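In this text, all values refer to a predicted model and were calculated from it rather than measured experimentally. Numbered from 1 within each chain, the chains take letters A, B, ... in sequence-line order.
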Amino acid sequence: MKARAFDYMRPKCVQEALEAFVRADGDASYIAGGQSLVPALALRLQAPGLLIDIARLDELRGLSVAGGHLRIGATTRHCEILGSDLVREHAPLLARAAPFVAHPAIRNKGTFGGSLALADPASEFPAMALALDAIIEIASVEGSRRVGAGDFFIDLYETALQPGEIITAVYVPLASAKTRTAFDELARRRGDYAIVGAGIDAEMQGGFVERMRIAFLSVGSTPVRVGAVEAALTGRQLTPQAIRQAQDVLGTELDPVGDEHTPPEMRRHLARVLLGRLLGRLEANV
Amino acid sequence: MSGKVTISLAVNGETIEALVAPRTTLADFLRQDIQLTGTHTGCEMGVCGACLVLLDDRPVHACLMFAVQADGCAVETVEGLTHRRAIDDLQKAFHERNALQCGFCTAGMLVSAYGVLASGDELDRDSIRDALSGNYCRCTGYESIVDAIETTARLRRQHMEKEEA
Ligand SMILES: Cc1cc2nc3c(=O)[nH]c(=O)nc-3n(C[C@H](O)[C@H](O)[C@H](O)COP(=O)(O)OP(=O)(O)OC[C@H]3O[C@@H](n4cnc5c(N)ncnc54)[C@H](O)[C@@H]3O)c2cc1C
Ligand code: FES
Ligand code: FES
């Protein structure tokens, strides 16, 4: 249960980090919060020859509002998301999801960018990035590019990131006066990974849904948007009947995975229950 | 490759310079290199909470970081909290409520408790449970631990109200 020997460096800027990765010929790994990487090294699931510590790079820090977006620096820690007034005001869905991410001590080190880069389908923030239609800014030695969350999560632990690329920031569209959000998950114990979870980011006017994005976690190899359910609710009021119909649509749209504790049918059922609860909360505006 | 590197960090208020292998975890550094064995190691993968220490005054897992990452930081262990008498009342409450049996989890519990008590949040049993969600105890069944933290929170609040009055 000890990591294989490796070299360690703390670059002064993103460019230096990117170049170090290239020089290591791929036998390197970035480390941010380390809350997923360190256990993987201890279990020797990974054994890179070089760790490049990006946790203290100023360029990757901070929360700020600019150009209609909330910019979340990649090394923003989970506890900072949880405690931030900017997040509460401009990205309320993230504020709702943050208490569900791991345990307090892990939130003190784990980072937003690390969570997205890892792309664990049971993690809260990747799914919320999807529900928020966030934009992910990625740096490589060739320059910088932006990828929408919808194109970012490709498969189990697989993202649009190429080897050596670094997530520098994530941009979330600002909430408006019409925004309503809801998040919840079902887990065995507080802080455990969810059996199923979901977040909704909607715009409502006069009781009618103008726009709705719903993303589920822990139902497949990536976080999952449910477009058919979203379409079924758009333009409607969230009456008990509309909610029941949405649950039925979800039952056919969602094709969840099973595991040793949770057969797919159970997960589908729990997802329907969860959707009903969340839509009820949106309607009640709580 | 993989030569040792020099780090400089504050441990329990004292500045320490040390030569460490990059793969040495902070937990192993504390326990083996500088003989601070109050910090325990159980799972060494972030699950049990026995290894919690304060890093720049926030609870973190000493098994989930390498000592090199703590370069330039301030680390405080249960020994430090004890010596600067920051948790006298908490330790007394643990004792009185029987909040430990074998004691393996206790250092981690005290660090978590220190963190949640310092947060200034209004505490009830649910929020205390939440704060302890990453700490395993195989002996007590948790109730007495929650009792002890709840008691400490109440006494501290009463103490503050008296000071204000
Ligand atoms: C006991 C336990 C319980 C947990 N429970 C939960 C939970 O309920 N929900 C949840 O969401 N998470 C949970 N986590 C995981 C935690 O949230 C991680 O911190 C997070 O997923 C990864 O962030 P990190 O900064 O620690 O990344 P690291 O561990 O440092 O890195 C993870 C991976 O991402 C890469 N990486 C990191 N940052 C970047 C970047 N900016 N650009 C490119 N690549 C990068 C690294 O190279 C590495 O491959 C748990 C972890 C533990 C140990
Ligand atoms: S030893 Fe660190 S959490 Fe178990
Ligand atoms: S007192 Fe024995 S594990 Fe908690």
Quiz prompt | side-chain contact (heavy atoms from CB on, under 4.5 Å) assessment of B/Arg58 paired with A/Arg107 | solution = CA-CA 10 Å; B/Arg58 281 176 170 276; A/Arg107 292 198 294 262; over 6 Å; no
Quiz prompt | Interface moiety of A/Arg56 toward chain B, non-hydrogen atoms closer than 4.5 Å | solution = side chain
Self-check item: Closest approach of B/Leu52 to A/Ala105 (non-hydrogen atoms, all atoms of both residues)
Solution: CD2-CB, 3.5 Å
Self-check item: chain B contact via A/Leu51 - which portion, at a heavy-atom distance below 4.5 Å
Solution: side chain
Quiz item: Is chain A contacted by the side chain of B/Leu132, its backbone, both, or neither, given a heavy-atom distance below 4.5 Å?
Solution: neither
Quiz item: At what distance, to the nearest 0.5 angstrom, does OH of A/Tyr8 lie from CD1 of B/Ile7?
Solution: 9.5 Å
Self-check item: Straight-line distance of A/Lys109 NZ to B/His61 NE2, nearest 0.5 Å
Solution: 11.5 Å
Exercise. Enter the distance from B/Asn135:CG to A/His103:NE2 here, rounded to the nearest 0.5 Å.
Key: 9.0 Å
Quiz prompt | Non-hydrogen side-chain atoms of A/Pro104 and B/Ser133 separated by less than 4.5 Å | solution = yes
Practice problem: To the nearest 0.5 Å, tell me how far B/Met45 CE sits from A/Leu41 CG. | Solution: 13.0 Å
Quiz item: More than 12 heavy atoms of other residues, nucleotides or ligands under 6.0 Å from CD of B/Gln158: is that the case?
Solution: yes
Quiz item: Any donor and acceptor pair, going by atom type alone, linking the side chain of A/Asn108 with main-chain N or O of B/Val60 inside 3.5 Å?
Solution: no
Quiz item: Between B/Leu64 and chain A, which part of the residue has a heavy atom less than 4.5 Å away: side chain, backbone, both or neither?
Solution: both
Quiz prompt | A/Leu37, part contacting chain B, at a heavy-atom distance under 4.5 Å | solution = neither
Quiz item: So what's closer than 4.5 Å to chain A heavy atoms on B/Asp28: side chain, backbone, both or neither?
Solution: side chain
Quiz prompt | A/Arg4 backbone acceptor or donor facing B/Arg23 side chain under 3.5 Å | solution = no
Exercise. Give the intermediate values and the outcome of side-chain contact (heavy atoms from CB on, under 4.5 Å) for residues B/Glu44 and A/Lys2.
Key: CA-CA 9 Å; B/Glu44 297 185 84; A/Lys2 304 285 178 200; 2.6 Å; yes
Self-check item: Minimum heavy-atom distance B/Met65-A/Val38, with the two atoms named
Solution: N-CG1, 4.3 Å
Quiz item: So do the side chains of B/Phe66 and A/Asp53 get within less than 4.5 Å of each other, counting heavy atoms only?
Solution: no
Quiz item: If every non-hydrogen atom of B/Gly46 is compared with every non-hydrogen atom of A/Ile106, which pair is closest and at what distance?
Solution: O-CD1, 3.8 Å
Quiz item: With a 4.5 angstrom heavy-atom cut-off, which part of B/Val5 approaches chain A: side chain, backbone, both or neither?
Solution: neither
